[in-house]
Amino acid sequence: MPVRLYDSLEARLRELEPLVPGEVGMYVCGPTVQSSPHIGHLRSALVYDLWRRWLGYRGYRVTLVRNVTDIDDKILAFAAKPGDTDGEQWWALAYRYELEFTNAYNRLGILPPTYEPRATASVQQMQELIQRLIDAGHAYPAPDGSGDVYFDTLSWPSYGSLTRQASADMVAAEDADPRGKRDPRDFALWKGRKEDEPESASWPSPWGPGRPGWHIECSAMSARYLGRAFDIHGGGLDLRFPHHENELAQSTAAGDAFAGYWVHNGLVTVDGQKMSKSLGNSIFAADFLAEARPVVVRYYLAATHYRSTLDYHQGALLEADAAYERIRTFLDRSALALERAGVGSDRADTVPAAFADALDDDLSTPGAFAVLHETVRTGNAALDARNLDVVAERRAEVLAMVRVLGIDPGDPQWASTGAGPAADALRALVERLLEERQEARSGRDFARADRIRNDLAEAGIALEDTPAGTQWSIDGE
RNA sequence: GGUGGAGUGGCCGAGAGGCGAGGCAGCGGCCUGCAAAGCCGUAUACGCGGGUUCGAAUCCCGUCUCCACCUCCA
């Protein structure tokens, strides 16, 4: 079955047919590194990580490019603002936040993209694109001497096609500063340097010193790294307009075929309300990751379909934790049972057909998780029935699925810091106590056995008696 | 005003004309010294009102409510 994905431009499910068979070029709008990452940023990056992993599993060679917007109005404004970061250069501020994003991505097991270009490194390509637009009659330098260059929306009849809007119906922004625009809908391709802006934030150009507008970077960098025609363009739903609409207009007006498919991920709300910088209700990555293990956060973010709104509320991570534990526990139990029987336990199979069908169908992670849990259930039943052949099969399937989703509990990525002398000492002590408890149980001295179990529980160590012996684990790991 | 999306059981969350996805919580049972884990069983669910159909959560008409975007946004 071919992979199908929902194309926002045509507003329908389409089969993926890459320009070059077997290869997929994917451009995703990354963050503007002006403040700390929040859940929405994590979700967005995770969505494309999952797309990339699935397409990779399906045999495609995926080139994933996710940009970093490291120059923009707010970055300059925040750097200039007096406060804690007084005196910090705009580029230092941008880099500081970029590192925060990278760190959060890493903790969630989001694989680094094939390449992560910064806007400031492609200014030349942007200028070339702007020049092509001017030459084609779709852009003009402002006549007011500001050094701005605008895209001429009225010169491009299909402007608005991505969001199915007619230019005439668009409400002009209240705060729109008409400056040298021919039409309020025109947008800046190039912004002339203003007096109070640092010289380090300006580049020479045929239209005077200045810096690129926001939208132009994606048009220029997607073409630079993926070609003037590429397969998939992704980004948050909130970027559809104006950002993606403008990208589409610029690139196509300049004669580039641009993206074959437009994919938009749903936003994250908090208690039903949109999370946004202006509302100040953002849940930041650091707080979020402090609430649950990163692998559980990943499970939580991946379990909802990527196009749905994800509404975060208190307790959501606890549910995700319980669901994830079910999978982890099965993998532990099955490994133990197979090893005792002298059967290897690291075999990973291909994923079940139903799981593949779900992900082929517009990356239906909810369907995929349903299959994963079904498989765990039948695997557990086989364990109880001591049917090890079936256990081995189910385990191999679960491993394959969990690896595609990036939530394999055995992945060193998620390994706790519990290695080294301290962990060894803890293990020795716990195992000594477990021996004592076993002696007590054998002598039917349950009071003593339970006292040991309670003491360990108070220290955050949970016990589980299984036919194969007692297992212990540290809560939250 | 324009454009798009959503309302599903105690909660989360899929599905898109016909055997009630899956998870969490609950209840009953099995297992267990007791737990834990696991297994089995367990639900008058589809915003409201009409209609089409042998059959509607799904299609049609109407209606209510919520959300997003319309030049800061992942």
Side-chain angles (χ1 to χ4, degrees), chain A residues 8 11 28-32 34-35 37-48 72-74 77 101 160 163-166 168-176 184-188 214-215 234-243 245-246 264-269 272-279 282 299-300 303-305 307-311 313 315-316 318-326 329-330 332-333 354 358 364-374 376-385 441 444-446 449-450 453-454 457 462-467 470-471:
Chain A
S8 304
V28 173
C29 287
T32 299
Q34 56 174 21
S35 54
H38 57 59
I39 319 181
H41 294 117
L42 297 184
R43 185 199 191 186
S44 178
L46 177 61
V47 160
Y48 301 104
D72 100 311
D73 293 355
K74 289 216 167 152
F101 274 87
T163 47
R164 280 169 285 286
Q165 298 182 96
D169 294 328
M170 291 180 194
V171 179
E174 286 171 25
D175 60 345
R185 288 167 287 252
D186 291 355
F187 55 91
W214 176 31
H215 317 296
L237 198 55
D238 52 348
L239 296 182
R240 241 157 80 256
F241 192 91
H243 187 52
E245 192 75 73
N246 292 353
H264 287 102
N265 61 279
L267 304 183
V268 178
T269 58
Q273 218 187 3
K274 191 198 169 188
M275 188 168 61
S276 76
K277 284 162 196 164
S278 51
L279 286 173
S282 302
Y299 180 103
Y300 169 71
T304 299
H305 185 89
R307 285 197 286 123
S308 301
T309 301
L310 175 63
D311 186 42
H313 57 96
L318 287 171
E319 283 180 22
D321 189 274
Y324 169 76
E325 274 304 297
R326 213 176 134 67
T329 305
F330 168 67
D332 274 3
R333 294 177 75 207
S364 175
T365 49
F369 275 100
V371 175
L372 175 55
H373 277 104
E374 270 295 305
V376 166
R377 208 200 78 241
T378 56
N380 273 323
L383 269 170
D384 286 1
R441 290 177 75 206
R444 304 194 68 79
D445 181 358
F446 295 121
D450 290 351
R453 184 168 65 193
N454 289 341
L463 301 189
E464 227 180 277
D465 296 323
T466 76
T470 300
Q471 296 213 266

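Within every chain, numbering begins at 1; the chains are lettered A, B, ... in the order of the sequence lines, protein sequences first and strands thereafter.
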K.L.:
Give A:Glu374 one of three labels, base, sugar-phosphate or nothing, depending on what nucleic acid heavy atoms sit under 4.0 Å from its own.
P.N.:
sugar-phosphate
K.L.:
For A:Val268, answer base if it contacts any base atom (sugar-phosphate contacts may also be present), sugar-phosphate if it contacts only those atoms, and nothing otherwise; contact means non-hydrogen atoms under 4.0 Å.
P.N.:
base
K.L.:
When the P atoms of B:rA16 and B:rA57 are compared, how many Å lie between them, rounded to an integer?
P.N.:
15 Å
K.L.:
With both distances under 3.5 Å as the test, what is the Watson-Crick or G-U wobble partner of B:rU53?
P.N.:
none
K.L.:
What's the closest nucleotide to the side chain of A:Glu319 if the choices are B:rG22, B:rC11, B:rC39?
P.N.:
B:rC11
K.L.:
Please tell me which of the listed nucleotides, B:rU71, B:rA68, B:rG33, lies nearest to the side chain of A:Asn246?
P.N.:
B:rU71
K.L.:
Strictly by Watson-Crick or wobble contacts shorter than 3.5 Å, is anything paired with B:rG38, and which nucleotide is it?
P.N.:
B:rC30
K.L.:
Mind checking the P distance from B:rA35 to B:rG26? Whole angstroms is fine.
P.N.:
15 Å
K.L.:
So, is A:Asn380 close to the B:rC39 phosphate, meaning a side-chain N or O under 4.0 Å from OP1 or OP2?
P.N.:
yes
K.L.:
Checking contacts here: which listed nucleotide (B:rA35, B:rC39, B:rA21) is nearest the side-chain heavy atoms of A:Arg453?
P.N.:
B:rA35
K.L.:
My understanding is that a pair needs two contacts under 3.5 Å, Watson-Crick or G-U wobble. By that rule, which nucleotide pairs with B:rC48?
P.N.:
B:rG62
K.L.:
Could you work out which one of B:rU71, B:rG13, B:rC11 sits closest to the side chain of A:Thr304?
P.N.:
B:rG13
K.L.:
For atom P, what is the distance between B:rA25 and B:rC11, given to the nearest Å?
P.N.:
16 Å
K.L.:
Report yes if a side-chain nitrogen or oxygen of A:Ser308 is closer than 4.0 Å to either non-bridging phosphate oxygen (OP1 or OP2) of B:rA14; otherwise report no.
P.N.:
yes
K.L.:
Of the nucleotides B:rU71, B:rC24, B:rG38, which one has an atom closest to the side chain of A:Arg185?
P.N.:
B:rU71
K.L.:
Please tell me which of the listed nucleotides, B:rA35, B:rG23, B:rC39, lies nearest to the side chain of A:Asp465?
P.N.:
B:rA35
K.L.:
Counting side-chain heavy atoms from CB outward, which of B:rA74, B:rC69, B:rG33 is closest to A:Arg444?
P.N.:
B:rG33
K.L.:
Of A:His243 and A:Phe446, whose closest RNA chain B nucleotide lies nearer the 5' terminus?
P.N.:
A:Phe446
K.L.:
For atom C1', what is the distance between B:rC12 and B:rA6, given to the nearest Å?
P.N.:
16 Å
K.L.:
Side-chain contact test, heavy atoms from C-beta onward, threshold under 4.5 Å: evaluate it for A:Thr470 versus A:Arg441 and give yes or no.
P.N.:
yes
K.L.:
NA contact type, A:Arg43, heavy-atom cut-off 4.0 Å: base, sugar-phosphate, or nothing?
P.N.:
nothing
K.L.:
Could you state the atom-to-atom distance from NE2 of A:His305 to P of B:rC12 in whole Å?
P.N.:
19 Å
K.L.:
Tell me which nucleotide, if any, is Watson-Crick or G-U wobble paired with B:rG10 when both distances must be under 3.5 Å.
P.N.:
B:rC24
K.L.:
Between B:rG13, B:rG22, B:rG23, which nucleotide gets closest to the side-chain atoms of A:Pro366?
P.N.:
B:rG13
K.L.:
When you get a sec, tell me which of B:rU71, B:rC34, B:rA74 is the closest nucleotide to the side chain of A:Arg441?
P.N.:
B:rC34
K.L.:
For B:rU71, which nucleotide is its Watson-Crick or G-U wobble mate, given both distances must be under 3.5 Å?
P.N.:
none
K.L.:
Taking CZ from A:Phe369 and C1' from B:rC12, how many angstroms apart are they, rounded to a whole number?
P.N.:
14 Å
K.L.:
Between B:rA37 atom C1' and A:Tyr324 atom OH, what is the distance in whole Å?
P.N.:
16 Å
K.L.:
Nearest nucleotide by nearest heavy atom, which residue falls closer to the 5' end of RNA chain B, A:Pro31 or A:Leu310?
P.N.:
A:Leu310
K.L.:
Among B:rU71, B:rA21, B:rA68, which is the nearest nucleotide to the side chain of A:Leu267?
P.N.:
B:rA68
K.L.:
Tell me what A:Asp450 touches on the nucleic acid: a base, only sugar-phosphate, or nothing, going by heavy atoms under 4.0 Å.
P.N.:
base
K.L.:
Sticking with atom C1', work out how far B:rU58 lies from B:rU52, rounded to a whole angstrom.
P.N.:
13 Å
K.L.:
Using a cut-off of strictly less than 4.0 Å, decide whether A:Arg326 has a side-chain nitrogen or oxygen near OP1 or OP2 of B:rC39.
P.N.:
yes
K.L.:
Distance check: side-chain N/O of A:His373 vs OP1/OP2 of B:rG22, anything under 4.0 Å?
P.N.:
no
K.L.:
Considering only the C1' atoms, how many Å lie between B:rU8 and B:rU32, rounded to the nearest integer?
P.N.:
38 Å
K.L.:
With rounding to whole Å, what would you report as the distance between B:rG50 and B:rC39 at their C1' atoms?
P.N.:
47 Å
K.L.:
Determine the interatomic distance between P on B:rC31 and the same-named atom on B:rA36; round to the nearest Å.
P.N.:
16 Å
